[in-house]
Asks: 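The structure under discussion is supplied below as structure tokens; questions concerning it will follow.
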Amino acid sequence: MRIATWNINSAKARQARLIEWLDRAAPDVVCLQETKLSDDAFLELFDEDLFRRGYRIAHHGDGRWNGVAILSRGSLDNVVRGLPGGPGFPGPEPRAIAATCDGIRVWSLYVPNGRTVDDPHYAYKLTWLAALRDVVVAESARGPLMTLGDFNIAPTDADVWDVAQFEGATHVTPAERSALAALVDAGLTDVLRARWPDDVVYTYWDYRQLCFPKNYGMRIDLTLATADVAERVCAVWVDRAARKGTGTSDHAPVVVDLDTAPDGDVGPMVPPPSSRGSSSRGSSGRSTSSDSLRQR
DNA sequence: ATGGCTAATGATATTAGA
């Protein structure tokens, strides 16, 4: 099973690139952030192309800013839009969506930026992360879980190209890193860093000043997983090719390949037959052993 | 090859990104 996350910085501006990337990378599950579209507008642009490729769609957006989605070629059940118990600014913003995909509870997240440490958005970011931790604690007790997306936090100084550039800035503060550590304490593993402990790996490069060619980047798009998922990881990488050329997002996708669950057991998060199909097309809402064997 | 910001908007400047 291949699961990926990508902040595409406008699904409308990235329409052709997203489809090309799906055909090239062939992910089974995709978490998107910053679609910057309403639910209706997203479907208008993508429903046909994604349906033809076998993807079901769960989108949560209200138009100009934010916007998150999950696409799945397998099951896409028990969709939740928004972060339960999370703060707004001042009202709720579309920064989180969850679905159960082939036995894994998947969250696509766009954590608030924070802007500057003295901006109200910074306190909002920390409160939002605390609410996320509560959700992770509650849901990870029930089965396999992943949180993927743009966390707007560089976990360590090794995750920015020059820490001196971030003196006093958001994304690297102890409070933000503590909020991230609380997710790790709740049982999540940063599976990219676990696989590549000593490598320079970035997922975001500013559009300005040749940052990408110089590899002046940050690793802020994270893939966190409970232990039962983390131990299935075969490979994790950043698809830098998606950042090359013109008309790209300023983020690159992060891709995670998972081995089949032991004995085809996809875990207890799979809903019973009575709650199937509330959010998806097609007939297969429940994963079975044979489904698992069909996964790449 | 990867090139000196980009996208959306009640646009012609502003907000937001990080």
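Reminder, nothing fancy here: chain letters follow the sequence lines and each chain counts from 1. What's counted below: heavy atoms across the whole structure, side chains too, no hydrogens, waters or symmetry copies. Owing to the predicted nature of the structure, the values given are computational and were not obtained by experimental measurement.
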Asks: Please determine, for the side chain of P213(A), which listed nucleotide (dA18(B), dG3(B), dA1(B)) has the closest atom?
Replies: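 Given the options dA18(B), dG3(B), dA1(B), the side chain of P213(A) is closest to dG3(B).
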Asks: Looking at D221(A), D159(A), N7(A), which hits side-chain hydrogen bond (donor to acceptor under 3.5 Å, both in side chains) with T203(A)?
Replies: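 Option passing the side-chain hydrogen bond (donor to acceptor under 3.5 Å, both in side chains) with T203(A): D221(A).
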Asks: Without hydrogens or angle criteria, can the side chains of D40(A) and S38(A) be said to hold a donor-acceptor pair below 3.5 Å?
Replies: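 No donor-acceptor contact under 3.5 Å links the two side chains.
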Asks: If you compare every side-chain N and O of R14(A) against the phosphate oxygens of dA7(B) (OP1, OP2), does one of them come in below 4.0 Å?
Replies: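 For dA7(B), OP1 or OP2 has a side-chain N or O of R14(A) closer than 4.0 Å.
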Asks: For Y110(A), answer base if it contacts any base atom (sugar-phosphate contacts may also be present), sugar-phosphate if it contacts only those atoms, and nothing otherwise; contact means non-hydrogen atoms under 4.0 Å.
Replies: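 Here Y110(A) touches the backbone only, sparing every base.
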Asks: In terms of the nearest nucleotide of DNA chain B, which residue is placed more toward the 5' end: R240(A) or D250(A)?
Replies: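 Nearest-nucleotide comparison on DNA chain B picks R240(A).
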Asks: Taking only side-chain nitrogens and oxygens of N113(A), does any of them come within less than 4.0 Å of OP1 or OP2 of dA18(B)?
Replies: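 Yes, such a contact exists.
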Asks: For the C1' atoms, the ones on dA16(B) and on dA11(B), what distance do you get once it is rounded to whole angstrom?
Replies: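 Straight-line distance between the two C1' atoms is 15 Å.
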Asks: Can you check the R95(A) CZ to dA16(B) C1' distance for me, whole Å?
Replies: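 Rounding to the nearest Å, CZ of R95(A) and C1' of dA16(B) are 10 Å apart.
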Asks: Rounded to whole angstrom units, what separation is found between the NZ atom of K244(A) and the P atom of dG3(B)?
Replies: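 About 10 Å, once rounded to whole Å.
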Asks: Check the distance between dA8(B)'s C1' and L37(A)'s CG and give it to me in whole angstrom.
Replies: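 Checked: the CG to C1' distance equals 10 Å.
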Asks: Please tell me which of Y207(A) and G245(A) maps to the more 5' nucleotide of DNA chain B, matching each residue to the nucleotide holding its nearest heavy atom.
Replies: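 Per heavy-atom nearest nucleotide, the more 5' residue is G245(A).
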Asks: In Å, rounded to the nearest 0.5 Å, how long is the span from OG1 of T226(A) to CD of E231(A)?
Replies: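 That separation rounds to 9.0 Å.
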Asks: Can any side-chain N or O of R81(A) pair as donor or acceptor with the backbone N or O of H59(A) at less than 3.5 Å?
Replies: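 Confirmed, R81(A) side chain pairs with H59(A) backbone.
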Asks: Applying a 4.0 Å non-hydrogen cut-off, can you work out what H251(A) is touching in the nucleic acid: base, sugar-phosphate, or nothing?
Replies: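 The answer is sugar-phosphate, as H251(A) gets under 4.0 Å only of primed atoms, P, OP1 or OP2.
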Asks: Within the side chain of T189(A), is there an N or O that forms a donor-acceptor pair under 3.5 Å with the backbone of A227(A)?
Replies: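 No; zero donor-acceptor contacts below 3.5 Å.
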Asks: For nucleotides 9-15 of chain B, give me every protein contact, N/O to N/O, under 3.5 Å, one pair per line with atom names.
Replies:
none

Asks: Output yes when a side-chain donor or acceptor of Y207(A) lies under 3.5 Å from a complementary backbone atom of D250(A), and no otherwise.
Replies: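 Yes.
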Asks: Which part of the nucleic acid does S10(A) contact within heavy-atom distance under 4.0 Å: base, sugar-phosphate only, or nothing?
Replies: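 Sugar-phosphate contact only - S10(A) comes under 4.0 Å of backbone atoms but never of a base.
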Asks: As a test of the definition: with a 90° window around 0 for syn, would you call dG4(B) syn or anti?
Replies: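 You should classify dG4(B) as anti.
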Asks: With respect to the side chain of A13(A), which nucleotide from dG4(B), dA7(B), dA18(B) is positioned closest?
Replies: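 Side chain of A13(A) sits closest to dA7(B).
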Asks: Write down the distance separating the C1' atoms in dT6(B) and dA18(B), rounded off to the nearest Å.
Replies: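 So the two C1' atoms sit 13 Å from each other.
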Asks: Without decimals, in angstroms, what is the distance between R219(A) CZ and dA18(B) C1'?
Replies: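 From R219(A) CZ to dA18(B) C1': 16 Å.
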Asks: May I have the distance from R208(A) (atom CZ) to dC5(B) (atom C1'), rounded to whole angstrom?
Replies: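 Spelled out: CZ on R208(A) to C1' on dC5(B) is 6 Å.
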Asks: Pick base, sugar-phosphate or nothing for D150(A), based on heavy-atom distances below 4.0 Å to the nucleic acid.
Replies: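 Counting heavy atoms under 4.0 Å across all strands, the contact made by D150(A) is with sugar-phosphate only.
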Asks: Without decimals, in angstroms, what is the distance between N66(A) CG and dA7(B) C1'?
Replies: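 So the two atoms are 14 Å apart, to the nearest Å.
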Asks: May I have the distance from E34(A) (atom CD) to dA16(B) (atom P), rounded to whole angstrom?
Replies: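 Value for this atom pair: 13 Å.
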Asks: Quote, to the nearest angstrom, the P distance that separates dG10(B) from dC5(B).
Replies: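 Looking at atom P only, dG10(B) and dC5(B) are 27 Å apart.
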Asks: Between R73(A) (side chain) and A26(A) (backbone), is there a donor-acceptor pair under 3.5 Å?
Replies: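 Pair found, side chain donor or acceptor close to backbone of A26(A).
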Asks: Quick one: are the ring centres of H171(A) and F166(A) less than 6.0 Å apart?
Replies: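 No, they do not, as the ring centres are separated by 6.0 Å or more.
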Asks: Look at all strands and tell whether F166(A) reaches a base, only sugar-phosphate, or nothing, counting heavy atoms closer than 4.0 Å.
Replies: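 F166(A): no heavy atom of the nucleic acid under 4.0 Å.
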Asks: Once you measure the plane-to-plane angle for F89(A) and Y124(A), does it fall in the parallel (<30°), tilted (30-60°) or perpendicular (>60°) bin?
Replies: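 It falls in the tilted class, 30° to 60°.
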Asks: What is the separation between atom OH on Y124(A) and atom P on dA18(B), rounded to the nearest whole Å?
Replies: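 Atom OH in Y124(A) sits about 13 Å away from atom P in dA18(B).
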Asks: Check every atom of dG17(B), dG3(B), dT2(B) against the side chain of F212(A) and return the nucleotide holding the closest atom.
Replies: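 Within the option list, the nearest is dT2(B).
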Asks: Are W21(A) and D239(A) linked by a side-chain donor-acceptor pair shorter than 3.5 Å?
Replies: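 Per modelled atom types, W21(A) and D239(A) side chains form a pair under 3.5 Å.
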Asks: Give the residues of residues 152-163 of chain A touching DNA chain B, defined as any heavy atom closer than 4.0 Å, sorted by residue number.
Replies: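 The stretch gives N152(A) as the residues lying under 4.0 Å from the strand, ordered by number.
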Asks: If the C1' atom of dG4(B) is compared with that of dT9(B), how far apart are they to the nearest Å?
Replies: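 It works out to 26 Å between them.
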Asks: Give a yes or no answer on whether the side chain of K125(A) reaches the backbone of N152(A) with a donor-acceptor pair at less than 3.5 Å.
Replies: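 It does hold such a pair.
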